[in-house]
> 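Before anything else, here's the structure in question.
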Protein chains: 2
Amino acid sequence: MLTQRQNAILQAIERQYTDTGQPVGSKVLATLLPVKVSSATIRNEMAELEEQGLISKEHSSSGRVPSTKGYRYYVDHLLDQQAVDASDVAIIQNSFGTNFHKIDEIVSQSADILSNLTSFTTFTLKPEQKDIRLSGFRLVPLGNHQVMAILVTDSGEVESQTFAIPPDMNTDELESVIRLINDQLAGLPLREVLQRLQQDIPMRVMHYMHSPNGVLDIFDNILSHASSERFFVGGRMNLLGFSHNNDPRVLQALYGLLDKNENLADFLDPQNDDVNVLIGNEISNKLLKDFSLITATYDVDQYGKGIIAVLGPTRMPYSRTIGIVSAFRQELARQLLEYYHRYYDQ
Amino acid sequence: MLTQRQNAILQAIERQYTDTGQPVGSKVLATLLPVKVSSATIRNEMAELEEQGLISKEHSSSGRVPSTKGYRYYVDHLLDQQAVDASDVAIIQNSFGTNFHKIDEIVSQSADILSNLTSFTTFTLKPEQKDIRLSGFRLVPLGNHQVMAILVTDSGEVESQTFAIPPDMNTDELESVIRLINDQLAGLPLREVLQRLQQDIPMRVMHYMHSPNGVLDIFDNILSHASSERFFVGGRMNLLGFSHNNDPRVLQALYGLLDKNENLADFLDPQNDDVNVLIGNEISNKLLKDFSLITATYDVDQYGKGIIAVLGPTRMPYSRTIGIVSAFRQELARQLLEYYHRYYDQ
DNA sequence: TTTAGCACTTGAGTATGTCGAGTGCTAAAA
DNA sequence: TTTTAGCACTCGACATACTCAAGTGCTAAA
């Protein structure tokens, strides 16, 4: 355990370093601390902190910089948890428009608001109900040989796609197929629907059309969209600003990561229902070893839980960012609840 | 006009410089030229070329680099126009899948193929018929208080959006509004539809519902999507590789440009129906002064003309890139014609 | 008209020195 | 026992000076 003074020193180093980006030396530190001690004393204390692995030097006579362990200690013990900037809260509350017609809009706009506020890169996931079921497929003929296929889930998610009807197929056949599919699959969990679509459904559809693959592909496609498109990324390009590493290959790899939703889901999954902070190599992906990730769930009661996350440099203003995330999760939950109530529970 | 030998020298400089990225000196050039002359002679010739503004030095004793004017001359006079790499052509022809159900798919996939092939950033625009008219809006109730609004144009374009029905509105009202809108607007050019939706239609709708704005917003929204979403960008991140300038602010500005479709349309508009090359500051936007842009139209007969474009560094393998673009425009036109024939002219 | 030769220019790289910020350690002061 | 002043030391940043190689322009001879 650290002494009071060591805490103060570590905290001052963290603050100063995130402000300036420069390693912090004993002399500057002496002017910063509330208790007046000489630089020599501070040097002794810093030697102790370094021994514990909380701070480190870039070279033998440079100032000190917080290590991953130091940031961790800072976040765990030295943060004023409750200090959320009032103006940030105001911005958050005013930033949501009022005319939402879709959950996607709210959640995707959230990613943008959050990235504007933090100037980092952000992620938002829609609230997920554990057990979404297929409510049904619809087919809407549009004329011009085109048809729109629409998938609706019992949670109100909608996914659609248009396709052209192959010449060797008539609408009656299609209608029959849709009826068959709905009969067989409505009410089932999406996962199971996907399985069935690939396994026994093709056999049955054979009765109605000779080459069902094209059409079934469409449903397959819509379905996988519906189950994968839960992700929104905000402030993609902010990454350029804080990714110190300007090697184009690294940047391309990073952006590749952002576009592969599956991989991201792993990092973001929060350990608990509070605001989580992952620092540097605590993140499982090696590409992100110089970043910190702040994640939080937001809880929309019976409508499920979603995730918001901020990806920034290890050297980030943790206090402010955590404050923003914390305020944001609440406001987002409030917005969504309001939305659901407005439209569903009348 | 240049002499035969000066042409050869300019060509050699261009080739060598795009290969190595280094300024080319007289000695190296002497080994490269087919006709054997001494480096001194080449120096004399280069002095002449420099006087004409075709090449330039980075400093008083460096090798020469083609200037914008030099590239222009090279592209206009020294290119083997017909040299399209056979293997590139094969790749292009095999790269299109067969199961397209939407024009958007073909055109957006085109941007990706083209960027893979060139490793630059690419743009594709859908074929545009001059005078697209509104065929009609559809409303599909989805249950769960949700409705999907679908716009169909006479060119077969489809745009859709779901929205939740406000509590104070019943479906009958909606149906009436849709009937009104369709009666009034079907058959009109999209531009005019947009105008009417903002001007006299709101008045008429007032008869059926007290607060029409929310609903009309939706149609407005769908409509502007339909008329703006003609753009696809491929290989966005390739920009990182060849944008020598690693200043994050410049990069952010560039990517900002890619996301604002309107601005892009101006650059891309080709002067004529052939393959066009714009070099460096020939491009109107100053951000792109170190880039070259190769654009071409593709012609799908009565279904309109589209545009494909490649954005790369000024120092680019013009011959190969132009060849690829040229082959690609033909193949893309072929694919789209085939698509249209398959589905429309039965 | 071409070429060889030469003086000149320049950027890149390397060695050298100075300066300032920072450190660890020690011995004296508190 | 804790704190502090002092001092020798280290290292990066910066500047200067020098060399080297690549390249140039120009001139005079081939």
> Is the Lys NZ or Arg CZ of A:Arg315 less than 6.0 Å from the centre of A:Tyr17's six-membered ring, within 45° of the axis?
yes
> Whole angstrom is fine here: how far is it from CZ in A:Arg5 over to P in D:dT4?
8 Å
> Given atom NZ of A:Lys36 and atom P of D:dA5, what is their separation to the nearest angstrom?
14 Å
> Would you indicate, yes or no, if C:dT23 has its OP1 or OP2 atom less than 4.0 angstrom from a side-chain nitrogen or oxygen of A:Arg64?
yes
> Reckon A:Lys57 has a side-chain N or O less than 4.0 Å from the OP1 or OP2 of C:dG24?
yes
> By nearest heavy atom, map B:Glu58 and B:Thr41 onto DNA chain C; which one lands nearer the 5' end?
B:Thr41
> Can you name the closest pair of heavy atoms from A:Ile279 and A:Val277 and give their distance?
CG1-CG1, 3.9 Å
> Would you call A:Arg329 and A:Asp274 a salt bridge, using N to O less than 4.0 angstrom?
yes
> Would you call A:Asp76 and A:Arg72 a salt bridge, taking side-chain N to carboxylate O under 4.0 Å as the test?
yes
> Please determine whether a side-chain nitrogen or oxygen atom of B:Ser38 lies at a distance below 4.0 Å from atom OP1 or OP2 of C:dT3.
yes
> Select from B:Glu45 and A:Gly63 the residue whose nearest nucleotide in DNA chain C is closer to the 5' end of that strand.
B:Glu45
> Which whole-number value in Å describes the distance from B:Arg43 CZ to C:dT3 C1'?
10 Å
